[in-house]
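The structure appears below as structure tokens.
Starting from 1, each residue takes its place in the sequence as its number. As the structure lists them, so they are numbered: ligands from 1, and atoms in each ligand from 1.
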Amino acid sequence: MEDGPVNLREFQELAKRNLPKMYYDYISGGAEDQFTLRENVEAFQRIMLRPRILVDVSKIDMSTTLLGYNMSSPILVAPTGSQQLAHPQGELATARAAAACNTIMVLSFASNYSLEDVASTCNAVRFYQLYVFKRRDVSATLLQRAERNGYKAIVVTVDTPRLGRREADEKNKMIIPRNSNLEGLMSVDADLTGGSKLEAYASETLDPSLSWKDIEWLKSITKLPIILKGIITAEDARKAVDAGVSGIVVSNHGGRQLDYTPPTISVLEEVVKAVSGAVPVLLDGGVRRGTDVFKALALGAKAVMIGRPVVYGLAANGEHGVRSVIKMLQNELELTMALAGCPTLRDITRNHVMINHERPRSLL
Ligand SMILES: Cc1cc2nc3c(=O)[nH]c(=O)nc-3n(C[C@H](O)[C@H](O)[C@H](O)COP(=O)(O)O)c2cc1C
Ligand SMILES: CCCCCCCCCCC(=O)C(=O)O
């Protein structure tokens with residue numbers, strides 16, 4: 001039998017072998033020149049670690065909490081739509097794997113299995129990701145269904161007034177995956193001739209007029225905490241806190257929306273400073289190693305989310321593959337903490353990392 005992957009990059013190779021080109025391109029791809037897609041990963045590689053020695057690391061504790069909920073480690077599952085493209089069990093498999101790893105899954109609004117099916121597949125803390133549609137009543141209904149089915153927070157994605165231009169999807173004429181959550185709620189009469197069907201569907205349905213005043217509306221229709229996903233500037237982070245949100249995700253949508261936005265790890269500190277502890281700040285985009293998780297925590301993130309690696313795990317080996325991906329990253333973080341002299345997450349500080357301009361001249 002072939003040996004299994006030993007790191008997250010090898011999961012990507014396995015996924016590529018297992019998936020039809022159209023699906024692999026959709027999952028792995030980014031917008032336009034894919035500059036941000038590449039930089040999300042490469043920016044982590046420009047940050048060095050400053051380990052401390054002779055610290056008792058015989059026990060490592062990676063456990064943490066988010067909005068009061070316990071997690072075995074500061075690694076969550078990011079919302080990714082249409083997981084049946086990767087595996088027939090799709091979001092059900094991911095939900096079970098996340099539960100087995102005692103971590104939080106954020107279910108995408110664009111799931112192939114309904115939010116009710118995912119809620120009943122196993123017991124776990126889960127969040128629900130929402131887009132705001134032109135049909136506000138549809139977004140409100142989804143939000144209320146999530147609340148009724150025990151989702152603990154609403155993650156509103158705010159970087160997608162329109163869908164970014166993903167050229168591979170255009171060439172492949174990417175199909176519209178089935179969205180169970182919208183059945184009976186909204187049908188779309190998009191012009192589906194040529195190009196990416198997903199883009200046509202997005203421009204038909206998403207509300208580009210969404211603005212800060214609408215956060216008030218969202219707060220008025222739910223008791224759940226609201227987290228904004230897609231903030232990458234101090235200005236917007238301050239506005240989010242003023243708007244009364246409960247959390248922020250520093251995200252550029254994995255380089256799939258506006259190309260040439262900076263890699264998320266490079267703007268994390270700016271956002272963390274602006275928020276100054278008022279709400280937890282999470283980060284996603286390019287996290288592929290335990291050392292990446294460590295670097296994000298050192299720069300002030302409360303936790304990170306992983307998107308593509310989970311989908312690659314799903315494509316590689318269903319629920320078992322997702323579980324292996326999460327476990328692999330958790331094990332790498334545990335080893336990093338031991339080697340860096342940090343027995344708990346609280347021990348990880350800004351002094352444990354060095355970014356490029358802080359490196360001594362002799363190293364340049
Ligand atoms: C295939 C795919 C589908 C995605 N679908 C959604 C979605 O439905 N909603 C959302 O807010 N973000 C979505 N994202 C973005 C992720 O939540 C996350 O921001 C991104 O994947 C993080 O970067 P990473 O893939 O490098 O970990 C998607 C990403 C991918 C790769
Ligand atoms: C089923 C309703 C279609 C509305 C279009 C939104 C497309 C989002 C697709 C998921 C996503 O965020 C991504 O990056 O891909």
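- On a distance-only criterion, Asn179 and ligand 2 share no N/O pair closer than 3.5 Å.
- Using a 4.0 Å cutoff on heavy atoms, Met186 does not count as a contact of ligand 2.
- The distance criterion of under 3.5 Å between nitrogen or oxygen atoms is met by Arg166 with respect to ligand 2.
- Every heavy atom of Phe133 sits 4.0 Å or more from the atoms of ligand 2.
- Once rounded to the nearest 0.5 Å, the distance linking CG of Asn172 with CG of Leu198 reads 12.0 Å.
- With respect to Arg288 and Asp292, no salt bridge is recorded, no charged nitrogen being found less than 4.0 Å from a carboxylate O.
- The line from CE of Met328 to CZ of Arg323 is 14.0 Å long, rounded to the nearest 0.5 Å.
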Nitrogen or oxygen contacts under 3.5 Å, ligand 1 side and protein side:
{"residue": "ligand 1", "atom": "5 (N)", "partner": "Gly81", "partner atom": "N", "Å": "3.0"}
{"residue": "ligand 1", "atom": "8 (O)", "partner": "Ser108", "partner atom": "OG", "Å": "2.7"}
{"residue": "ligand 1", "atom": "9 (N)", "partner": "Gln129", "partner atom": "OE1", "Å": "3.1"}
{"residue": "ligand 1", "atom": "11 (O)", "partner": "Thr157", "partner atom": "OG1", "Å": "2.6"}
{"residue": "ligand 1", "atom": "11 (O)", "partner": "Lys229", "partner atom": "NZ", "Å": "3.0"}
{"residue": "ligand 1", "atom": "12 (N)", "partner": "Pro79", "partner atom": "O", "Å": "3.4"}
{"residue": "ligand 1", "atom": "12 (N)", "partner": "Lys229", "partner atom": "NZ", "Å": "3.0"}
{"residue": "ligand 1", "atom": "12 (N)", "partner": "His253", "partner atom": "NE2", "Å": "3.4"}
{"residue": "ligand 1", "atom": "14 (N)", "partner": "Pro79", "partner atom": "O", "Å": "3.3"}
{"residue": "ligand 1", "atom": "17 (O)", "partner": "Pro79", "partner atom": "O", "Å": "2.7"}
{"residue": "ligand 1", "atom": "17 (O)", "partner": "Lys229", "partner atom": "NZ", "Å": "3.0"}
{"residue": "ligand 1", "atom": "19 (O)", "partner": "Lys229", "partner atom": "NZ", "Å": "3.1"}
{"residue": "ligand 1", "atom": "19 (O)", "partner": "Ser251", "partner atom": "OG", "Å": "3.4"}
{"residue": "ligand 1", "atom": "19 (O)", "partner": "Asp284", "partner atom": "OD1", "Å": "3.3"}
{"residue": "ligand 1", "atom": "19 (O)", "partner": "Asp284", "partner atom": "OD2", "Å": "2.8"}
{"residue": "ligand 1", "atom": "25 (O)", "partner": "Arg308", "partner atom": "N", "Å": "2.9"}
{"residue": "ligand 1", "atom": "25 (O)", "partner": "Arg308", "partner atom": "NH1", "Å": "2.9"}
{"residue": "ligand 1", "atom": "26 (O)", "partner": "Gly286", "partner atom": "N", "Å": "2.9"}
{"residue": "ligand 1", "atom": "26 (O)", "partner": "Arg288", "partner atom": "NH1", "Å": "3.3"}
{"residue": "ligand 1", "atom": "26 (O)", "partner": "Arg288", "partner atom": "NH2", "Å": "2.8"}
{"residue": "ligand 1", "atom": "26 (O)", "partner": "Arg308", "partner atom": "NH1", "Å": "3.4"}
{"residue": "ligand 1", "atom": "27 (O)", "partner": "Arg288", "partner atom": "NH1", "Å": "3.4"}
{"residue": "ligand 1", "atom": "27 (O)", "partner": "Gly307", "partner atom": "N", "Å": "2.9"}

Worksheet item: Which is it for Ser111 and Glu91 under the side-chain hydrogen bond (donor to acceptor under 3.5 Å, both in side chains) test, yes or no, and what are the steps along the way?
Response: CA-CA 7 Å; Ser111 55; Glu91 295 83 9; 4.9 Å; no

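- A donor-acceptor pair under 3.5 Å is absent between the side-chain atoms of Arg38 and the main chain of Gly255, judged by distance alone.
- In the vicinity of Tyr26, heavy-atom distances shorter than 4.0 Å reach the ligand 2 atoms 9 (C), 10 (C), 13 (C), 15 (O).
- Between atom CD of residue Glu42 and atom OG of residue Ser266 there is a gap of 12.5 Å, rounded to the nearest 0.5 Å.
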Item to complete: Mind running side-chain contact (heavy atoms from CB on, under 4.5 Å) on Gln89 and Tyr113 for me, showing each step along the way?
Response: CA-CA 9 Å; Gln89 284 288 299; Tyr113 283 95; 4.2 Å; yes

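- Residue contacts with ligand 2 for Gln257 are absent, since no atom lies close enough (heavy atoms, distance under 4.0 Å).
- Taking CG from Asp284 and NE2 from His253, the interatomic distance works out to 9.0 Å, rounded to the nearest 0.5 Å.
- Of all atoms in ligand 2, listed by their number and element, those nearer than 4.0 Å to a heavy atom of Tyr201 are 1 (C), 2 (C), 3 (C).
- Paired with Asp207 under the rule salt bridge (Lys or Arg N to Asp or Glu O under 4.0 Å), one option of Arg136, Arg162, Arg135 passes, and it is Arg136.
- Atoms of ligand 2 found under 4.0 Å from any heavy atom of His253, numbered from 1 in the order shown, are 11 (C), 12 (O), 13 (C), 14 (O).
- Under the 4.0 Å criterion applied to side-chain N and carboxylate O atoms, Lys171 and Glu167 are not assigned as salt-bridge partners.
- Of all non-hydrogen atoms in Phe11 and Gly313, the two that sit nearest each other are CD2-CA, 3.9 Å.
- Against a heavy-atom cut-off of under 4.0 Å, Arg256 is close to the following atoms of ligand 2: 13 (C), 14 (O), 15 (O).
- Interface atoms of ligand 2 facing Leu182, defined by a heavy-atom separation under 4.0 Å, are 1 (C), 2 (C).
- If you look at Glu199 next to ligand 2, there are no close heavy atoms at all, none under 4.0 Å.
- Here Ala202 has heavy atoms under 4.0 Å from ligand 2 in both its backbone and its side chain.
- Under the side chain to side chain contact (heavy atoms under 4.5 Å, CB included) test applied with Leu329, the options Val304, Val287, Asn7 reduce to a single match, Val287.
- Listed for the Gln129 side chain is no donor-acceptor partner under 3.5 Å among the backbone atoms of Pro79.
- At a heavy-atom cutoff of 4.0 Å, ligand 2 is contacted by no atom of Thr157, backbone or side chain.
- Taking a cut-off of under 4.0 Å to the non-hydrogen atoms of Thr205, the atoms of ligand 2 that pass are 4 (C).
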